[in-house]
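Report on one structure; see the data block that follows.
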Amino acid sequence: MQGRPLEAHHIRPYTTSDFPSIPSWHRGRLVLVGDAAHAASPSSGQGASMAVEDAIALGRSLRRTSPGDIPCALARYEAERRNRAESVVEWGRRNAAPKIRGQFKRVFEDLVLKAVFRSLARKTADNFDWVYRHHIDWDAPETVPAVLNRSAVE
């Protein structure tokens, strides 16, 4: 911004930030959690929630783990969390796309907005339970997916 006149800067009506899936959330004894592993669009409203979910899942994976087994525990954490995290990131991406709209789309949507909201309000099933009611059972037994083996995580 330095050296440019103020009027040269454009403020966009809405921006989103997410990034595609990364190949691995861990290497050795290093692990990524929250937005560092899976940044979702702000429109998802799930950034802090997913970071807390990661912390709980990571804690579960690390409990009763000896120092030599940390890489395996980190692989368990990633295996437990990756599918849900990537689903929420994709859901946020789809949710954000309609918010960035051109003039025609804005006028069209404003005309039909009342009808759409009425229709949505009539739905009895909560289609978003999978996002908002996610629960990690701390006492549930840990499972290691069949694709994981000790040589794959070291």
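Quick note: residue numbers are just sequence positions, from 1. As the structure is a computational prediction, the values presented were derived from the model and not from experiment.
Here salt bridge (Lys or Arg N to Asp or Glu O under 4.0 Å) pairs that include residues 50-59, with residues two or more places apart or in two chains, are Glu53-Arg81, Glu53-Arg84, Asp54-Arg81.
Trp25 approaches Ala85 most closely through the heavy-atom pair CH2-CB, 3.7 Å. Pro67 approaches Arg29 most closely through the heavy-atom pair O-NH1, 3.6 Å. Of all non-hydrogen atoms in Gly92 and Ser44, the two that sit nearest each other are CA-CB, 3.8 Å. Counting all heavy atoms, side chain and backbone alike, Arg93 lies closest to Ser41 at N-CB, 4.4 Å. Across every non-hydrogen atom of His134 and Ile136, the tightest pair is NE2-CG1, 3.7 Å. When all heavy atoms of Val33 and Tyr77 are compared, the closest pair comes out as CG1-OH, 3.3 Å.
Both Ile22 and Leu58 belong to a single network of hydrophobic side chains, linked directly or stepwise wherever heavy atoms of I, L, V, M, F, W or Y lie under 4.5 Å apart. Note: the hydrophobic cluster containing Ile56 does not contain Val31 (ILVMFWY, side chain heavy atoms under 4.5 Å, direct or indirect links). Clustering ILVMFWY residues whenever any of their side-chain heavy atoms sit less than 4.5 angstrom apart, transitively, puts Leu74 in a cluster other than the one holding Leu30. Leu62 and Leu32 fall within a single hydrophobic cluster, where Ile, Leu, Val, Met, Phe, Trp and Tyr are joined by side-chain heavy atoms under 4.5 Å apart, directly or via other members.
The environment of CG in Asp137 is crowded: more than 12 heavy-atom neighbours from other residues, nucleotides or ligands sit within 6.0 Å. Shown here is Arg63, whose CZ atom has more than 12 heavy atoms of other residues, nucleotides or ligands within 6.0 Å.
Comment: Arg76 does not engage Glu80 in a salt bridge, judged by the lack of any side-chain N to carboxylate O separation of less than 4.0 angstrom.
Atom OG1 of Thr65 and atom CZ of Arg60 lie 11.5 Å apart (nearest 0.5 Å).
For Ser49 (side chain) and Gly45 (main-chain N/O), no donor-acceptor pair under 3.5 Å exists by modelled atom type.
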